[in-house]
Amino acid sequence: MNPFSYVLVTEMGMAASAIANPTAKFIAGGTNLLDLMKEGVETPQQLVDINHLPLERVEVQADGAVRIGALAKNSDVAYHPVIQERYPMLSQAILAGASAQLRNMATVGGNLMQRTRCYYFNDTVSPCNKRVPGSGCPAIPGYNRIHAILGTSEECIATHPSDMCIALVALDAVVHTQGPNGDRTIPIGDFHLLPGNTPHLETLLEHEEMIVAVDIPPLPFATQSHYLKVRDRTSYAFALVSVAAALEIKDSIITNARVALGGVATKPWRASAAESVLIGAAVTEETFRTAASASVRDARPQQYNQFKIELAQRTIVRALKQVAAMQGEVV
Amino acid sequence: MDIGKNQHMISEIKVTSLTPGIPFYGDPITLRVNGTEHTVYIEPRVTLLDALRERLGLTGTKKGCNHGQCGACTVLVNGQRINSCLTLAVMHIKQEITTIEGLAKGNELHPLQAAFIKHDAFQCGYCTSGQICSAVGMLNEGHATTDAQVQELMSGNLCRCGAYPNIVAAIQEAREQTRPCV
């Protein structure tokens with residue numbers, strides 16, 4: 001790790017002045033940042049420790065939304081009774097990720113900001129358009145088994161690795177930030193960027209901006225939701241494919257649906273095409289298969305990840321069946 | 001000052017605690033480990049793992065992967081299990097850090113330590129410190145009861161020797177007897 005100075009901040013004003021330094025970065029849990037610093041991928045000259053800011057609460061708002069402070073630990077969110085009751089897909093998604101130790105350290109804000117696990121990105125000897133704009137993408141002609149089939153560009157095919165973000169995208173979460181230009185809210189679907197020809201830009205967050213909270217709007221049928229993660233190991237591995245799904249079913253007709261995909265895209269992926277097929281359709285396997293097929297229609301596979309097209313469809317179908325079964329619909 | 005030679009010239013070193021807003025470049029800091037306060041002169045980039053092993057001589061905690069992927073570095077901070085390789089020592093001033101060395105009370109083994117011996121829950125022993133600290137943390141969390149849940153919630157601790165079935169058995173036996181651990 002490069003040498004750096006460290007500043008502990010206890011108030012937002014202190015954090016704001018510290019981050020005005022363009023070579024400084026916030027550190028909360030540090031489970032991604034310190035890992036990247038050990039690899040030399042991130043080289044901040046100063047770390048601003050924001051762990052003492054009062055941003056860790058999970059609170060129900062007057063309008064029924066749930067506000068999660070940016071510094072809430074992943075484990076605290078996953079086990080929070082309000083989250084478990086109202087948004088089980090979010091609790092399951094978080095618990096599907098990392099390990100218990102890491103979930104105890106990692107924060108919601110940090111999880112939003114985590115970077116790709118692409119082998120070439122993490123290896124400073126390799127070219128990488130994300131790490132060094134214009135240097136090339138060795139994953140495209142290289143070993144790309146864990147890479148994306150959706151949202152890719154000629155310059156970058158790196159997968160976004162988060163589980164939590166998949167559930168947040170399905171739930172239409174809103175990110176609250178504070179910065180020198182004031183407060184703003186960013187819908188989660190806009191927060192993460194497609195690589196396009198600027199893969200080094202991953203989120204809308206400005207350097208001096210801090211995530212302070214994530215709001216999850218009320219969504220009554222989200223109580224009927226599930227997160228299904230498929231990976232090489234039974235536990236403690238990133239997703240090959242993951243699906244967050246919620247279904248509202250009345251008289252065997254799907255009246256509302258949310259579907260989001262992980263492990264297959266360059267940003268957390270809202271499967272709107274699948275939702276369009278599902279809403280208004282009968283709860284049948286054929287409906288689920290049609291929705292799954294729609295979600296990968298624009299998929300662009302690489303040499304080593306073609307299996308994800310079929311795997312994604314099967315995982316979507318299984319996840320939808322599981323959610324239907326929760327409501328007594330045997331498909 | 002030759003910081004390589006003697007970390008414990010305490011009477012000559014002014015122990016500082018961090019002042020919010022003031023950059024820290026390297027200074028003596030105080031860490032509370034296993035109920036004792038230690039003063040270490042470190043830079044910010046020293047991980048908690050390296051501070052424990054290299055500066056405090058507490059080598060029970062192991063460096064397996066150094067990237068938060070194996071769990072051998074698991075310690076307890078305020079009773080909660082974390083990977084000490086992915087956090088900085090300076091971030092844990094004023095917190096209660098418990099390592100494997102801090103679990104036994106004198107010659108009386110912690111119930112998990114006794115259970116690991118009884119159930120042959122280790123071979124080479126390298127993952128064992130992390131397994132035991134992780135298990136203590138897991139039992140503090142209170143979410144695991146079945147074997148399957150124990151397996152899942154211990155999945156952050158790898159064992160190349162494959163002692164997993166015996167680790168689970170040891171944890172399940174100790175679950176009944178574990179006293180709260182800070």
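Throughout, a chain's letter reflects where its sequence line sits, starting with A, and its residues are numbered from 1.
The heavy-atom pair separating B:V90 from B:L18 by the smallest distance is O-CD1, 3.8 Å. Among all heavy-atom pairs drawn from B:A121 and B:A163, the shortest one is O-CB, 3.6 Å. The minimum heavy-atom distance linking B:C70 with B:G64 is given by the pair SG-CA, 3.7 Å.
Counting only heavy atoms from C-beta outward, the side chains of A:L47 and B:F24 never approach each other to under 4.5 Å. Between B:L103 and B:L112, the closest side-chain pair of non-hydrogen atoms is not below 4.5 Å. By the 4.5 Å heavy-atom criterion applied to side chains, A:M113 and A:L205 are counted as neighbours. A:L102 is listed as a side-chain neighbour of B:L86, based on a closest heavy-atom distance under 4.5 Å. Counting heavy atoms from C-beta outward, A:I68 and A:L90 have side chains that approach closer than 4.5 Å.
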Which N or O donor-acceptor pairs, by atom type, sit under 3.5 Å across chain B and chain A?
| from | atom 1 | to | atom 2 | distance (Å) |
| --- | --- | --- | --- | --- |
| B:G21 | N | A:L8 | O | 2.7 |
| B:F24 | N | A:Y6 | O | 2.7 |
| B:F24 | O | A:Y6 | N | 3.0 |
| B:R45 | NH1 | A:M1 | O | 2.6 |
| B:N66 | O | A:K38 | NZ | 2.9 |
| B:N66 | OD1 | A:K38 | NZ | 2.7 |
| B:H67 | ND1 | A:D35 | OD1 | 2.4 |
| B:G68 | O | A:Y236 | OH | 2.5 |
| B:T74 | OG1 | A:Q101 | NE2 | 2.8 |
| B:R81 | O | A:N104 | ND2 | 3.0 |
| B:C85 | O | A:K38 | NZ | 2.6 |
| B:S134 | OG | A:Q101 | NE2 | 3.4 |
| B:E141 | OE2 | A:N104 | ND2 | 3.0 |
| B:E152 | OE1 | A:S235 | OG | 3.2 |
| B:E152 | OE2 | A:S235 | OG | 3.2 |
| B:S155 | OG | A:S235 | OG | 2.7 |
| B:N157 | OD1 | A:Q101 | NE2 | 2.9 |

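The salt bridge (charged side-chain N to carboxylate O under 4.0 Å, His left out) analysis of residues 110-124 of chain B, with sequence neighbours excluded, yields the pairs B:K118-B:E173.
Contact annotation for A:A24: neither backbone nor side-chain heavy atoms come within less than 4.5 Å of a heavy atom of chain B. B:C133 does not touch chain A: none of its heavy atoms, backbone or side chain, sits under 4.5 Å away. If you measure heavy-atom distances from B:I22 to chain A, the contacts under 4.5 Å come from the backbone alone. Proximity to chain B (any heavy atom under 4.5 Å) is shown, for A:M1, by both the backbone and the side chain.
In terms of heavy-atom pairs under 4.5 angstrom with chain A, the leader among B:L158, B:L153, B:I82 is B:I82. When A:V9, A:L33, A:V48, A:I27 are compared by the number of non-hydrogen pairs under 4.5 Å with chain B, A:I27 comes out ahead.
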